[in-house]
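Single-structure report; data block below.
Residue numbers begin at 1 in each chain, while the letters A, B, ... track the order of the sequences.
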Number of protein chains: 2
Amino acid sequence: MTAQRRVVAEVLDGEHVHLTADEVHARAVTRLPEISRATVYNTLGELVTLGEVLEVSTDRRAKRYDPNAHHPHQHLVCARCGAIRDVHPAGNPLADLPDSERFGFTVSDVEVTYRGVCPNCASA
Amino acid sequence: MTAQRRVVAEVLDGEHVHLTADEVHARAVTRLPEISRATVYNTLGELVTLGEVLEVSTDRRAKRYDPNAHHPHQHLVCARCGAIRDVHPAGNPLADLPDSERFGFTVSDVEVTYRGVCPNCASA
DNA sequence: ACCCTACACTGGACATTGTCTAAGTCAAGT
DNA sequence: ACTTGACTTAGACAATGTCCAGTGTAGGGT
């Protein structure tokens with residue numbers, strides 16, 4: 001555990017939002033001015049491997065990092081402003097895929113992204 | 001309808017697979033050698049706007065384009081080789097999101113990606 | 001037929017995101 | 001103190017996508 005890794009972990013834990021790698025880097029720099037992008041990427045990658053943090057890809061621009069890794073959840077994304085909310089749908093989407101639709105795959109995971117317009121954007 | 005757009009449409013229609021923009025461009029070049037990347041991107045964007053083609057983002061590298069836009073379906077992706085299959089889960093995932101989990105959003109769409117290991121990779 | 005205009009296309013520069021590498025730094029063990 | 005190895009840094013590089021200025025080109029109006 002180095003100062004750099006601690007700072008990255010603190011940034012993620014401090015704000016329960018979904019930050020991009022560059023946003024994490026920007027916030028980390030305010031606490032540890034000389035931390036490099038490579039270290040942030042490396043550390044985020046390690047946190048993902050350890051299962052402490054989830055990678056989320058709600059748009060096709062940058063990956064985002066979700067510190068809420070220990071509660072299974074899905075995401076609801078505003079198509080206009082990109083806001084992201086964690087949501088908890090009823091049921092288990094994995095159960096909705098019958099064997100006949102698995103083509104011999106060993107299916108281990110499912111990722112659900114709801115898209116819509118948030119109240120802010122709808123009223124604007 | 002120009003020669004360039006026809007070629008892009010033919011490439012997508014010809015092979016029912018999920019091509020990246022660059023793969024579309026590579027195939028288009030064999031038929032129309034001087035077609036530019038920008039035109040392929042523009043044309044793909046227009047096809048997406050028209051609803052003729054879907055953008056799929058199964059990995060974080062390149063967007064892929066799915067000509068099967070008129071049959072709602074989801075995707076099953078191999079975590080090792082990246083192979084993509086169209087699948088049709090039972091039920092409607094949109095119905096699984098209760099009002100209490102919508103936070104005032106107008107939810108219009110849902111995207112489901114199953115992940116697993118395909119038979120080929122599992123036996124290797 | 002000839003110009004004019006609007007649109008599409010081209011090629012390349014640019015932006016964003018992420019990965020890689022060579023070299024530097026630091027701490028622990030010998 | 002020296003060696004070793006892990007970590008960090010800075011920057012080059014790669015992949016993908018977007019933008020823009022200049023160049024066709026097709027069709028309408030004369």
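- Between A/His25 atom NE2 and D/dG11 atom P there is a gap of 12 Å when expressed in whole angstrom units.
- Scanning residues 30-40 of chain B for heavy-atom distances under 4.0 Å to DNA chain D yields B/Arg37, B/Ala38.
- Sorted by first then second residue, the side-chain hydrogen bond (donor to acceptor under 3.5 Å, both in side chains) pairs that include residues 98-109 of chain A, not counting sequence neighbours, number zero.
- Looking at which nucleotide of DNA chain C each of A/Tyr41 and B/Asn42 is closest to, the 5′-most match is held by B/Asn42.
- Tracing side-chain contacts under 4.5 Å through hydrophobic residues (I, L, V, M, F, W, Y), one never reaches B/Ile84 starting from B/Leu19; they form parts of separate clusters.
- Rounded to a whole Å, the CZ atom of B/Arg61 is 13 Å from the P atom of D/dA14.
- Distances shorter than 4.0 Å separate some side-chain N or O of A/Thr2 from OP1 or OP2 on D/dT8.
- Each of B/Asp86, B/Val87, B/Val112, B/Leu54 was compared with B/His75 under the side chain to side chain contact (heavy atoms under 4.5 Å, CB included) criterion, and only B/Asp86 meets it.
- Mapping heavy-atom proximity under 4.0 Å, the span of DNA chain C touched by chain A runs 5' to 3' from C/dT16 to C/dC20.
- Screening residues 114-124 of chain A for side-chain hydrogen bond (donor to acceptor under 3.5 Å, both in side chains), with sequence neighbours left out, gives A/Arg115-B/Glu111.
- Linking Ile, Leu, Val, Met, Phe, Trp and Tyr whenever their side-chain heavy atoms come within less than 4.5 Å puts B/Val7 and B/Leu44 in one cluster.
- D/dT8 atom C1' lies 15 Å from atom CG of A/Leu44, rounded to whole Å.
- Salt bridge annotation for A/Glu55-A/Arg64: absent, with no cationic side-chain nitrogen under 4.0 angstrom from a carboxylate oxygen.
- Between the NZ atom of A/Lys63 and the C1' atom of D/dA15 there is a distance of 13 Å, rounded to whole Å.
- For A/His88, there are no ring pair (Phe, Tyr, Trp, His ring centres under 6.0 Å) partners two or more places apart in sequence or in a different chain.
- Judged as a side chain to side chain contact (heavy atoms under 4.5 Å, CB included), and not counting sequence neighbours, the contacts of A/Ser36 are A/Ala38, A/Thr39.
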